[in-house]
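Down below is the structure, laid out as structure tokens.
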Amino acid sequence: MLNSFSPSAPVDGTCSLGRLSTYHVEAHTANDVQKTLNFVRAHDIRLSIKNSGHDYFGRSNAANSLAIWTRNMKNAQYHETYQARGCQSTFENVGEVGAGISAQEAWEFFEPLGMLVTVGATGSVGIAGGYGQGGGHGPLGPMYGLMVDNAIEFDVITADGQARTINACSAAEDAELFWAMRGGGGGTFAVLISYRFQLHPAVPLNVYSFQASFPIPDGQLNITQSAVHRDVVRALASNQALFASHGMAGYNFVLPDHMVSLQILPSTNTELIKNITSTYNKFLTRYPSLNIIENTYYTFRKFSEWYAFAQTPSIARNGPVGVGISESGRFLPKRLFSKPESVEKLVDAVVTAMQFSLQHGGGGAAQLYATGPFSHPVNSGTGVNPAFRDALWEVIMGGIWTSNTPDSIRHQIRNTISASVEPFKALTPGGGCYMNEGDWTEDNWQQTFFGSNYDRLLEVKRLFDPTGLFNCWKCVGWSGYDE
Ligand SMILES: Cc1cc2nc3c(=O)[nH]c(=O)nc-3n(C[C@H](O)[C@H](O)[C@H](O)COP(=O)(O)OP(=O)(O)OC[C@H]3O[C@@H](n4cnc5c(N)ncnc54)[C@H](O)[C@@H]3O)c2cc1C
């Protein structure tokens with residue numbers, strides 16, 4: 001491991017590749033990818049595909065592999081109208097990006113054209129790789145859907161080296177591949193070259209930003225007994241169905257000693273957010289023992305302005321890069337937000353999970369994201385976990401360590417974070433988790449990450465990658481991928 005704070009320096013004297021790929025092909029064109037696939041097939045070499053390298057499970061690396069590095073496939077294009085291959089209807093305002101475009105590069109290209117892109121919270125994440133093939137939620141998710149919901153057409157190279165343009169109008173098998181690559185996960189079915197997707201005419205992003213610190217009680221903090229923790233989580237949960245009905249997104253961080261709560265409403269009506277959040281706002285501002293740090297409404301006319309704002313106080317905590325991190329997560333479905341009794345169970349689960357994490361070295365933070373596609377009805381056109389659509393919150397428990405943290409502590413953090421999600425699992429039997437923000441030690445991973453789509457996704461994998469050329473995270477029965 002490298003030193004997180006000085007990345008060119010190894011932590012101890014010896015530097016080795018570990019599980020990083022041995023060789024990389026810096027791909028610039030579809031032809032580079034085709035040639036690489038043909039080469040690895042001919043020589044029976046293990047392959048991996050890497051874009052930004054942000055994948056929490058490390059799926060963009062594989063020991064002893066040749067990596068196709070897509071980061072420099074940087075083309076971007078705007079189509080005022082676009083005719084997808086084989087489709088009758090025409091799409092308007094279509095974006096097209098190469099496999100290596102990051103979220104920030106995407107909005108910097110489309111913002112001057114007056115268009116919004118359904119990116120996530122962090123500018124450095126790629127939009128066409130693991131994000132755009134695994135789901136892709138963000139501040140525009142409730143209003144416009146996931147990145148995969150906005151996908152219109154992909155150019156891909158399949159394991160046999162064949163270039164294909166795939167969309168919902170393609171002939172049967174290619175349409176299945178398109179379905180699978182809209183949510184079934186990156187690095188699994190084919191190498192994506194170009195991603196065409198729906199853009200949205202720009203509207204202001206109206207934001208309610210609330211931050212407060214909590215009084216720390218004398219003696220040891222027990223979050224399950226802490227009125228302030230229970231009360232703020234209850235207030236948020238009780239308002240969440242209302243927020244969701246307006247397509248409002250939320251990033252909420254509840255920590256042992258403070259909270260950050262951001263609500264985001266894309267709308268030309270810049271006052272509407274004040275009405276929607278008035279009950280929540282009144283509750284927070286009148287609550288006696290909150291030390292309010294910020295209680296402000298903003299209107300950002302450009303996405304880049306929102307991003308600059310969000311990085312300073314709050315979401316920046318969401319984007320640590322260069323540190324070790326362990327996450328576990330769960331989708332919390334609508335039904336849990338509908339009645340006071342079920343909200344109370346939700347509150348119990350949040351404070352129990354936080355207390356467990358705090359007590360066992362995980363830090364005690366809970367992230368409550370309302371950035372999913374809850375306003376977008378079940379869309380059979382995507383292979384994404386159906387549990388995503390039914391969820392008002394995606395809860396994430398996370399713990400971080402630096403390269404100086406001793407192994408024993410790292411293990412402890414990992415075990416704590418894995419176990420801290422149990423109260424949410426107990427509330428959501430048969431439920432799920434976002435595959436890009438979950439726990440790689442998850443036992444019931446087929447159901448948890450893929451839901452009812454698992455068998456169909458596996459069939460597409462068998463069809464297009466029968467020899468398991470592409471990394472297949474825990475594909476049952478594939479040899480050579482056990483590590
Ligand atoms: C700091 C940070 C913030 C995040 N914020 C969000 C967020 O707001 N919303 C959200 O939904 N997710 C978020 N994520 C999770 C993110 O979606 C995943 O990490 C995702 O896998 C990143 O995709 P990538 O292509 O950038 O990364 P990589 O690690 O390079 O690739 C991820 C996976 O996709 C495959 N892949 C990459 N490119 C291709 C290609 N061209 N063709 C086929 N397969 C490919 C890789 O093999 C790998 O399996 C965040 C992650 C981090 C680290």
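Every number for a ligand or one of its atoms is a count from 1 in the order of the listing. No experiment lies behind these values; they were computed from the predicted model shown. The figures here come from the full heavy-atom set of this structure, side chains too, leaving out hydrogens, waters and symmetry mates.
Considering Ile193, Ile325, Thr122, Thr371 only, the shortest heavy-atom separation from atom 5 (N) of ligand 1 involves Thr122. Distances from atom 39 (C) of ligand 1 to the heavy atoms of Asn61, Asn436, Val33, Ile49 show the closest one on Ile49. Of the options Gly187, Gly141, Gly129, the smallest heavy-atom separation from atom 38 (N) of ligand 1 is shown by Gly129. Compare Gly98, Ser60, Ala27 by their heavy atoms: the one nearest to atom 29 (O) of ligand 1 is in Ser60.
Under the 6.0 Å cut-off for aromatic ring centres, Trp69 and Tyr23 do not qualify, their centroids lying 6.0 Å or more apart. When ring centroids are compared, Phe154 and Tyr195 come within the 6.0 Å threshold.
Using the six-membered ring where Trp is involved, Phe197 and Phe110 have ring planes that are perpendicular, over 60° apart on the 30 and 60° scheme. Ring geometry for His79 versus Tyr82: interplanar angle of 30 to 60°, hence tilted. The aromatic rings of Tyr434 and Phe388 are tilted relative to each other, their planes meeting at an angle between 30° and 60°.
Applying the 4.0 Å criterion to heavy atoms of Tyr434 picks out, from ligand 1, the atoms 10 (C), 11 (O), 12 (N), 17 (O). Atoms of ligand 1 lying under 4.0 Å from at least one heavy atom of Ala121, given by number and element, are 7 (C), 8 (O). Atom numbering of ligand 1 starts at 1 in the shown order; those under 4.0 Å from a heavy atom of Arg59 are 47 (O), 48 (C), 49 (O).
Residue contact annotation: Ala190 has a non-hydrogen atom under 4.0 Å from ligand 1. Heavy atoms of Gly134 stay at 4.0 angstrom or farther from ligand 1. Heavy-atom separations between Gln133 and ligand 1 include at least one value shorter than 4.0 Å. Residue contacts with ligand 1 do not include Phe470, since none of its heavy atoms lies under 4.0 Å from the ligand. For Gly136, the heavy-atom gap to ligand 1 drops under 4.0 angstrom.
To the nearest 0.5 angstrom, Asp149 atom CG is 13.0 Å from His137 atom NE2. To the nearest 0.5 Å, atoms CE (Met115) and CD (Gln198) are separated by 9.0 Å. Taking CG of Leu336 as the reference point, atom CD of Gln240 lies at 12.0 Å (rounded to 0.5 Å).
Inclusion of Ala99 in the set of residues having an N or O under 3.5 Å from an N or O of ligand 1 is not warranted. The shortest N/O to N/O separation between Gly130 and ligand 1 falls below 3.5 Å. For Tyr251, no nitrogen or oxygen atom sits less than 3.5 Å from a nitrogen or oxygen atom of ligand 1, counting backbone and side chain alike. At under 3.5 Å, a nitrogen or oxygen of Gly53, whether backbone or side chain, sits near a nitrogen or oxygen of ligand 1.
Comment: Glu442 engages Lys425 in a salt bridge, judged by a side-chain N to carboxylate O separation of less than 4.0 angstrom.
Side-chain atoms of Val117 and Phe303, non-hydrogen and from C-beta on, never get closer than 4.5 Å to each other.
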